[in-house]
Amino acid sequence: MSSLGGNLAHFSKGALNGDRSNLIPFSSRLRGGRALAQDVWSIYNAANLPADCINLGQGYMNFPPPKWVTDAADEALRSLLPNHYSHPKGRIRLRNAIKNFYEKSFNRVLDVETEILVTSGANQGQYSVFTAFLEQGDEVIMFEPFFDQYLPSVTFNGGTPVYVPLHPQTDAVTPNNSNWTIDFDELRRAITPKAKMLIINTPHNPVGKVFTREELEKIAALAEEFNLLVMADEVYDCLVFDGKEHVRFATLPGMWDRTVTVLSAGKAFAATGWRVGWLIGPPSIIFPTLAACTRIVFCSNSPLQEAAAAGLEQAAERGFFENQLKEYQERRNILLNAFDRLGMKYSHPEGSYFVLLDISRVNFPEDYPFPEPVQGRGRDFKACWFIALEIGVSSIPVSEFYCEEHCTIGENFARFAFCKDVETLRQAGERLQRLAEYLV
């Protein structure tokens, strides 16, 4: 075949007929994991909603990180070395700060060279773990509702998600998170010989559930029995309310050797755009993950690693996390009080900065002019759109965080974020009182 003929062989018929819009086929892996679908974040993006709509949908703060942390970022930017590459493991100052901050809660001495890995946000750390450990067809157990980034991260790396729903007890007058339960027989049945990993998110997004020690011990027994790698997503570990116990999964008997714990500077210091996170685990997990991470990003943001290090170094003496927790409890209570005044059910958040509101009583007109992306989706998509446009407060439909088989479980709920300043939450609470007109 001539060179010209070889080149033409790569063109689709459409290209030869003048259509050059899709000359090169994209990877089939994008077809899985909902990667090409219009996601819930773009549908409920501020650009698609009224300009005065209060955004309680997306989990980013509308207040800055503490000044002493941003001052450390400024100082790093004015210095020489923090403006250049860091070691792929992370800057040694940050790794030492992580070691000193977390050793007590992990009940062990941490090795900064082999047991700590700084990543470009918690998401990229998780992705690197999947890259390092998943073979084509390996199954990953995920509790529903799940953080939506898990799904494409698993499928892009050849994994197959296996869904185990948490079960809400909706018959209680005011359900709280302890009513979102695990059916352990169902969990056991979900574990097949192809199972490789299990993801635990505690405190949980979006439920706000803090898994109990008893629940985690039962999960640990199954992980040991079936030899599963456990990803403990604990990015909300600093936001546990009402005296609840946050149990680090890696501290349970026998679990250190099979657990990688995922943590986040963005959640800790109200700096979600910094994209600095870290993994803590045994060398057998951290070393291959480092190999993957190095080829994905090489290293993470150097000056903001310095700022995160300063945050961890000074947090205790400033009483930062204790004060921050009190502030979040105030924010949470403002939103819950608004729901109480409406007489609406919700899941009382034990941790994180999300609350699930039961929207099954919201009655919207069937002929309401919903946009095309909302058409054909669950009832919660329509309820959230209606609330955003008519009440002026946005939220996120929870069925987005389920597989198709189980999505009806989530259709009764909308996720509201209370990582906003007090005045914004008060304004949202007042607006939400107008929902009373639409309740049945």
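Index from 1, following the sequence.
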[X] side chain to [Y] main-chain N or O, any donor-acceptor pair under 3.5 Å?
X    : Y    : answer
K420 : Y60  : yes
N201 : F147 : no
T202 : H204 : no
T192 : K194 : yes
R331 : F418 : no
E234 : V262 : no
R379 : I359 : yes
H87  : G90  : no
N157 : G159 : no
N333 : Q329 : yes

Exercise. In this structure, which one of F143, F146, Y150 forms a ring pair (Phe, Tyr, Trp, His ring centres under 6.0 Å) with Y163?
Worked result: F146
Exercise. Checking R318 against F320: charged group under 6.0 Å from the ring centre and within 45 degrees of the axis?
Worked result: no
Under a 3.5 Å cutoff, is there a donor and acceptor pairing between the side chains of [X] and [Y]?
X    : Y    : result
S42  : N45  : no
D358 : N412 : no
R258 : N227 : yes
N55  : Y44  : no
S79  : E75  : no
R91  : S86  : yes
R415 : N205 : yes
N107 : T251 : no
N62  : T424 : yes

Exercise. After noting the C-alpha distance and the side-chain angles of K67 and D74, does the key distance pass the salt bridge (charged side-chain N to carboxylate O under 4.0 Å, His left out) rule?
Worked result: CA-CA 10 Å; K67 187 175 186 303; D74 289 340; over 6 Å; no
Near-ring test [Y]/[X], centroid separation under 6.0 angstrom:
X    : Y    : value
F269 : W274 : no
W180 : F413 : yes
F416 : F339 : yes

Closest approach of [X] and [Y], non-hydrogen atoms and distance?
X    : Y    : result
A388 : L49  : CB-CD2, 3.9 Å
V393 : A428 : CG2-O, 3.9 Å
I409 : P165 : CD1-CB, 3.8 Å
L134 : V154 : CD1-O, 4.0 Å
G429 : A338 : CA-CB, 3.6 Å
C299 : S120 : O-OG, 4.1 Å

Exercise. Quick one: which of H348, E215, E350 gives a side-chain hydrogen bond (donor to acceptor under 3.5 Å, both in side chains) with K209?
Worked result: E215
Rounded to the nearest 0.5 Å, what separates atom [atom1] in [X] from atom [atom2] in [Y]?
X    : Y    : atom1 : atom2 : answer
S394 : W385 : OG    : CH2   : 10.0 Å
K267 : Y353 : NZ    : OH    : 4.5 Å
L279 : C293 : CG    : SG    : 7.5 Å

Residue pair [X] / [Y], side-chain heavy-atom distance below 4.5 Å:
X    : Y    : result
M231 : I200 : no
I116 : Y102 : no
F386 : I391 : no

Exercise. Under the side-chain contact (heavy atoms from CB on, under 4.5 Å) test, which residues partner A250, sequence neighbours left out?
Worked result: F106, W256, T259, T261
Problem set entry | Where at least one partner belongs to residues 104-128, residue pairs that pass salt bridge (Lys or Arg N to Asp or Glu O under 4.0 Å), sequence neighbours excluded | K89-E113, R95-E113
Exercise. How would you list, by chain and number, every residue that makes a ring pair (Phe, Tyr, Trp, His ring centres under 6.0 Å) with F298, sequence neighbours excluded?
Worked result: Y85
